[in-house]
J.: 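My questions all concern the structure below.
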Amino acid sequence: MTPTRRIRRCGPLVGAPSRGPVRFVPSARRRSLIDQTFHRGRCGRTDRLTSEPSNVVRVSHPLVDHHLSVVRCETTCPAEFRAAVHRLTMLISVPATDHLPTDRVQIQTPVAMADCRRINADVGLVPVLRAGLGMVDPVLQILPDASVWHLGMYRNEETAQPVGYYDKLPNGSPPDVAMILDPMLATGGSIDLVVRRLQRWGVGDIRVLSIIAAKPGIERIAKDFPDVKIFVAAIDPELNEHAFIVPGLGDAGDRIFDTPNQD
Ligand code: PRP
C-alpha cells in the first residue's frame, strides 16, 4: 500500500492541544467520557462484540486506545511510529498467547520451593515482510524462545492482490503454534495466503496478530478460517477505492521503514 503524503520527521511533541492534526476533546466532555468508561467496566479487557465473529478478539484497553492514536496520526514520525507499533504489539500479544500449554514446575526461591508453571509449546512467529518485521521484537520479548519464520508478500497496487516473493518455511516439523504478524489486514488477501501456507506446513494452531483490520477483510478471514484466531487493536469500517483501510493509518511498511512513495 502506498501513502500519498510524506510523513513528517520527529519534532516537537505531536498532539499539542489545538495544533496539528490531533484535536483534543474538551475537558468537560473528556471527564464525562472517563466516567462512562469506568462505569461500563471497559478498562483492561478484550472485547468480543456481538457483531464480531467468535474467532475475532478486539483488544480493548486505554493503552491500546492511546497508542492507536499515535500510529493513526499522519504527523507521527517513523521512530515514534515504530515505538507505538512495538507497544501495541506487546499489548495484543498478551491475549494472543492465552491458553498456551504450560507445565507445572517446582522452583526453589531464596526462601522455599514454589509451584510454578512454564510454557511448554513450540511457538513460531511468522512476520509478513515487510511491515510484520516491526512486530517481531515485542513478541520475542515476552516469548524469547519462539522461532521466527519469514514470508515476503506485497500487494500489487493495481489489483490489490498479494504477490509472494519470499518463502523459507521448511517442509517438515511445524511449530505447535504459529503467530502471524502483520500490522494491517485490509482485504485479507495476504493473510489468506499466509494461513493457507501455514496449513500446508501442517500448523494446527494459527493465530493472527494485527493492529488495524478492515471489517470486510477480517470478516472474510474469520469466515474462511473458523479455527484461526485473530487478535486486533482496531476494526475500521471500510476500504477505499485503492483498498486502503479507512480511516486506518496509511501504509504501515512505509511508515515503519521511512520509505514514502516518491512517485
Ligand atoms: C500491506 C500490509 C499487509 C497487506 C494488507 O503490505 O502490511 O501485508 O498490505 O493488505 P491485504 O489485507 O489487502 O492483503 P504492503 O503491500 O504495503 O507491503 P509492505 O509491508 O512491504 O509495505
Side-chain angles (χ1 to χ4, degrees), residues 1-8 14-15 20-23 49 51-53 55-56 58-59 64-65 67-78 80-82 84-85 88-89 92 127-135 151-166 180-197 208-225 228 230-263:
M1 294 193 291
T2 308
T4 51
R5 273 187 273 190
R6 180 91 174 102
I7 305 301
R8 206 176 71 177
V14 170
V22 180
R23 286 187 212 103
L49 304 183
S51 59
E52 286 165 11
N55 49 340
V56 170
R58 188 168 60 80
V59 183
V64 170
D65 293 342
H67 297 301
L68 269 174
S69 83
V70 176
V71 291
R72 285 190 190 279
C73 182
E74 69 166 349
T75 58
T76 296
C77 68
E80 290 298 331
F81 188 88
R82 285 192 294 272
V85 166
L88 283 164
T89 305
I92 298 167
V128 183
L129 308 180
R130 295 174 300 166
L133 291 174
M135 301 175 73
L151 286 177
M153 221 163 271
Y154 70 90
R155 277 198 334 182
N156 178 307
E157 289 187 7
E158 306 295 319
T159 64
Q161 293 301 309
V163 181
Y165 61 87
Y166 188 80
I180 302 171
L181 310 179
D182 194 332
M184 310 295 287
L185 193 166
T187 66
S190 305
I191 294 296
D192 178 290
L193 277 190
V194 176
V195 169
R196 289 180 197 281
R197 178 67 182 92
V208 178
L209 280 70
S210 195
I211 289 175
I212 300 184
K215 196 164 189 292
I218 201 168
E219 285 180 348
R220 162 191 173 181
I221 298 297
K223 177 167 166 287
D224 290 351
F225 304 103
V228 171
I230 310 163
F231 299 85
V232 282
I235 299 175
D236 284 3
E238 58 188 357
L239 298 165
N240 67 15
E241 67 275 22
H242 305 294
F244 267 61
I245 301 173
V246 181
L249 53 71
D251 185 315
D254 282 342
R255 297 193 66 182
I256 288 170
F257 295 109
D258 196 13
T259 54
N261 187 281
Q262 303 288 329
D263 296 341

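Side-chain atoms are counted along with the backbone in the values below, which use heavy atoms only and exclude waters and symmetry mates.
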J.: Once rounded to the nearest 0.5 Å, what's the spacing between atom CG of L185 and atom CD1 of I212?
T.: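 Rounded to the nearest 0.5 Å, the CG-CD1 separation comes to 11.5 Å.
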J.: Residues two or more places apart in sequence or in another chain: which of them pass salt bridge (Lys or Arg N to Asp or Glu O under 4.0 Å) with R82?
T.: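 Per chain and number, R82 pairs via salt bridge (Lys or Arg N to Asp or Glu O under 4.0 Å) with no residue.
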J.: So which atom in P247 and which in P237 form the shortest heavy-atom distance, rounded to 0.1 Å?
T.: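 Closest pair (atom of P247, atom of P237, distance): CD-CD, 4.1 Å.
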J.: Can you give me the closest heavy-atom contact between P183 and S210, atom names plus distance?
T.: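 Looking at all heavy atoms of both residues, the shortest contact is O-OG, 3.2 Å.
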J.: Check the pair R72, D236 against side chain to side chain contact (heavy atoms under 4.5 Å, CB included), reporting the backbone distance first and the verdict last.
T.: CA-CA 12 Å; R72 285 190 190 279; D236 284 3; 2.8 Å; yes
J.: Do any N or O atoms from the side chain of R255 and from the backbone of L249 form a donor-acceptor pair under 3.5 angstrom?
T.: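 Checking the backbone N and O of L249 against the side chain of R255, a donor-acceptor pair under 3.5 Å is found.
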J.: Do you know the tightest heavy-atom contact between L88 and A233?
T.: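 Heavy-atom minimum between the residues: CD2-CB, 4.5 Å.
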J.: Using every non-hydrogen atom in the two residues, find where G152 and L129 come nearest and quote the distance to one decimal.
T.: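 That closest heavy-atom pairing would be CA-CB, 3.7 Å.
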J.: Is there a side-chain contact between I235 and V56, using heavy atoms and a 4.5 Å cut-off?
T.: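 Yes. Closest side-chain heavy atoms under 4.5 Å.
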J.: Would you mind reporting whether M135 and P127 have side-chain heavy atoms less than 4.5 Å apart?
T.: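 When only atoms from C-beta onward are counted, M135 and P127 do not touch, as no gap falls below 4.5 Å.
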J.: Between CG of L239 and CD1 of I245, what distance do you get to the nearest 0.5 Å?
T.: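 Answer rounded to 0.5 Å: 6.5 Å.
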J.: Using 0.5 Å steps for rounding, measure from the CG atom of L68 to the CG atom of D65.
T.: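 Atom-to-atom, L68:CG and D65:CG are 6.5 Å apart.
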J.: Quick one: pull up CG in L181 and CD1 in I211 and give me the separation to the nearest 0.5 Å.
T.: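 If I round to the nearest 0.5 Å, the distance is 10.0 Å.
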J.: State which residues pass side-chain contact (heavy atoms from CB on, under 4.5 Å) with S190; sequence neighbours excluded, sorted by chain then number.
T.: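 Testing S190 for side-chain contact (heavy atoms from CB on, under 4.5 Å), a comparison that skips the adjacent residues, returns M153, R155, P162.
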J.: Report yes if some heavy atom in the side chain of I256 is under 4.5 Å from a heavy atom in the side chain of L133; otherwise report no.
T.: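 A side-chain contact under 4.5 Å is absent here.
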J.: Excluding sequence neighbours, so at least two apart, what forms side-chain contact (heavy atoms from CB on, under 4.5 Å) with V70?
T.: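 V70: side-chain contact (heavy atoms from CB on, under 4.5 Å) contacts with H66, T76, A84.
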J.: List for me each residue that meets salt bridge (Lys or Arg N to Asp or Glu O under 4.0 Å) alongside D192, sequence neighbours excluded, and say none if there are none.
T.: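 Scan of D192 (salt bridge (Lys or Arg N to Asp or Glu O under 4.0 Å), adjacent residues dropped) gives R196, R220.
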J.: Test I92 against V232 for side chain to side chain contact (heavy atoms under 4.5 Å, CB included), laying out the working first.
T.: CA-CA 7 Å; I92 298 167; V232 282; over 6 Å; no
J.: Decide, yes or no, whether a salt bridge links K223 with E219 under the criterion of side-chain N to carboxylate O below 4.0 Å.
T.: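 No, this pair does not count.
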J.: Dump the intermediate steps for side chain to side chain contact (heavy atoms under 4.5 Å, CB included) on V195 and D224, then the final yes or no.
T.: CA-CA 10 Å; V195 169; D224 290 351; over 6 Å; no
J.: Hey, is the main chain of G217 close enough, under 3.5 Å, to the side chain of T187 for a donor-acceptor pair?
T.: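 A pair under 3.5 Å: no.
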J.: If you compare all heavy atoms of F225 against all heavy atoms of N55, which two are closest, and at what distance to 0.1 Å?
T.: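 Closest approach of F225 to N55, heavy atoms only: O-ND2, 3.2 Å.
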